Amino acid sequence: MTDDLNGRSVIVTGAGSGIGRAAALAFAAQGDRVVVADLNADGAGAVVEEIERAGGTAVAVTGDLSEQGVVDTVTATAVERFGGVQVLVNNAGIMDSMSAPADVTDAEWARVLRVNLTAPFLLTRAVLPHMLTAGRGAIVNTASEAALRGSAAGAAYTASKHGVVGLTKSLAVMYRRSGIRANAICPGGTATAIGVEADRSAHGPAAIGPHFVNLGRVSQPEEQAAAILFLASDAASNINGAILPVDDGWSAV
Ligand SMILES: NC(=O)c1ccc[n+]([C@@H]2O[C@H](COP(=O)([O-])OP(=O)(O)OC[C@H]3O[C@@H](n4cnc5c(N)ncnc54)[C@H](O)[C@@H]3O)[C@@H](O)[C@H]2O)c1
């Protein structure tokens with residue numbers, strides 16, 4: 001079993017960039033050992049190097065987390081290298097094309113739901129037996145402002161992130177007597193690579209038209225990571241099933 005003196009075993013998905021990268025660096029800086037999981041091998045490798053240069057411990061696992069085989073490799077890596085899984089951060093995600101429901105293609109719907117909702121489910125299901133055996137665990141999911149309203153993204157992304165909230169609440173209820181907590185953050189606009197893709201899309205915020213109003217300051221990935229680390233920490237020991245906006249008040253307007 002993992003010796004906590006050596007830090008917790010933490011899986012962060014989408015850790016090769018943006019919010020996941022910031023979270024991986026912050027976990028490692030406080031002594032946790034991090035599985036850096038990402039589709040992008042260069043990004044994941046660079047984050048592991050950065051962590052190791054700073055004296056931390058991390059390992060990269062590259063692959064598409066919507067594939068069961070990759071999910072199994074991520075889980076096995078955490079168990080074999082770090083002795084279990086104390087923290088799972090389901091953070092990897094993709095933007096959609098900002099399309100309204102009638103304009104969403106089958107391919108876009110399938111891909112966005114698969115990456116944003118099914119992949120977190122698959123990894124959570126794979127990790128749960130290890131948390132249940134240990135009698136402890138913290139799961140933090142990265143949802144979105146689009147989990148709270150219909151005007152922050154297209155139909156596919158909005159539906160996928162509402163689904164992440166549902167998954168989070170189900171986990172919180174089902175495992176609340178098992179020492180496992182599950183919470184989600186809902187970032188507002190954050191300065192990461194994901195916006196680049198959205199801006200290049202055929203539609204963009206213009207498709208949502210006058211409904212799209214971002215009333216929050218664009219955050220830095222580190223501000224999102226701070227909320228993730230808090231929810232994964234013992235300081236949040238009585239927080240379970242919380243859906244936490246990290247959006248400079250956008251959702252309060
Ligand atoms: N940036 C924002 O404004 C914003 C706002 C709300 C929510 N979010 C959410 O934050 C999370 C992190 O995104 P980010 O903003 O840091 O973007 P990002 O693009 O910088 O990082 C996302 C990472 O996820 C990885 N990824 C994508 N699909 C994957 C897959 N199938 N398997 C493995 N890895 C995959 C990418 O390679 C990338 O490294 C996402 O879930 C996103 O929906 C972002």
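This one's a predicted model, so the numbers in the text were calculated from it and none came from an experiment. For ligands, and for the atoms within them, numbers begin at 1 and follow the listed sequence.
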- For ligand 1, which atoms sit closer than 4.0 Å to a heavy atom of Gly14? 23 (C), 24 (O), 25 (C)
- Separation between OG of Ser66 and CG of Leu113, rounded to the nearest 0.5 Å: 11.5 Å
- Message: Test your reading of the structure: does Leu65 have an N or O sitting under 3.5 Å from an N or O of ligand 1?
- Response: yes
- Message: Within ligand 1, which atoms have a heavy atom of Thr192 less than 4.0 Å away?
- Response: 1 (N), 14 (P), 15 (O), 16 (O), 17 (O), 20 (O)
- List every atom of ligand 1 that sits less than 4.0 Å from any heavy atom of Ile19, numbering the atoms from 1 in the order shown and giving each element. 10 (O), 16 (O)
- Query: Does any donor atom in the side chain of Thr57 or Glu52 lie under 3.5 Å from an acceptor atom in the other side chain?
  - Reply: no
- For ligand 1, find out whether one of its N or O atoms is nearer than 3.5 Å to an N or O atom of Gly189. no
- Select one of side chain, backbone, both or neither to describe which atoms of Lys161 lie under 4.0 Å from any atom of ligand 1, heavy atoms only. side chain
- Message: Can a donor-acceptor pair be found, under 3.5 Å and without considering hydrogens, that links the side chain of Asn91 to the backbone of Val12?
- Response: no
- Considering only heavy atoms of Gly63, which atoms of ligand 1 have at least one such atom less than 4.0 Å away? 32 (N), 33 (C)
- Task: Run the contact test for Gly188 against ligand 1 with a 4.0 Å cut-off on heavy atoms, strictly below, and give the result.
- Result: yes
- Message: What's the separation between atom CG in Leu122 and atom CZ in Arg114, rounded to the nearest 0.5 Å?
- Response: 5.5 Å
- Message: Strictly distance-based, threshold 3.5 Å: is any side-chain N or O of Thr158 a donor or acceptor partner for the main-chain N or O of Gly150?
- Response: no
- Query: Applying the side chain to side chain donor-acceptor pair (under 3.5 Å) test to Asn90, which of Thr13, Thr142, Thr124 qualifies?
  - Reply: Thr124
- Report the part of Asp64 in contact with ligand 1, treating N, CA, C, O as backbone and CB onward as side chain, heavy atoms under 4.0 Å; options are side chain, backbone, both, neither. both
- Between Arg8 and Asp234, is the closest basic N to carboxylate O distance under 4.0 Å? no
- Note on the structure: Under 4.0 Å between heavy atoms, the region of Ala143 that gets near ligand 1 turns out to be backbone
- Is the side chain of Ser251 donor-acceptor paired with the backbone N or O of Asp247 at a distance under 3.5 Å, no angle test? no
- Query: Relative to atom 25 (C) of ligand 1, which among Asp38, Val47, Val74 owns the nearest non-hydrogen atom?
  - Reply: Asp38
- Message: Could you check whether any side-chain N or O of Asn183 sits under 3.5 Å from a backbone N or O of Val140, counting only pairs where one atom can act as donor and the other as acceptor?
- Response: no
- Charged N to carboxylate O under 4.0 angstrom, Lys161 versus Glu145? no
- Item | Under 4.0 Å to a heavy atom of Tyr157 - the qualifying atoms of ligand 1, by number | 6 (C), 7 (C), 8 (N), 9 (C), 42 (C), 43 (O)
- In ligand 1, the atoms that come under 4.0 Å of a heavy atom of Gly93 are 24 (O), 27 (C), 40 (C), 41 (O)
- Query: Between OG1 of Thr190 and CZ of Arg217, what distance do you get to the nearest 0.5 Å?
  - Reply: 9.5 Å
- Going by the order shown, which atoms of ligand 1 are within less than 4.0 Å of some heavy atom of Ser144? 6 (C), 7 (C)
- Item | Arg111 contact mode with ligand 1 (heavy-atom cut-off under 4.0 Å) | side chain
- Leu39 N/O under 3.5 Å from ligand 1 N/O: yes
- Query: Considering only heavy atoms, which of Thr142, Asn91, Ile185 lies nearest to atom 40 (C) of ligand 1?
  - Reply: Asn91
- Answer with side chain, backbone, both or neither: which part of Asn116 has a heavy atom less than 4.0 angstrom from an atom of ligand 1? neither
- Note on the structure: Note: ligand 1 atoms sitting under 4.0 Å from heavy atoms of Ile94 are 27 (C), 28 (N)
- Task: Could you tell me whether a side-chain N or O of Gln86 sits under 3.5 Å from a main-chain N or O of Ser9, the two making a donor and an acceptor?
- Result: yes
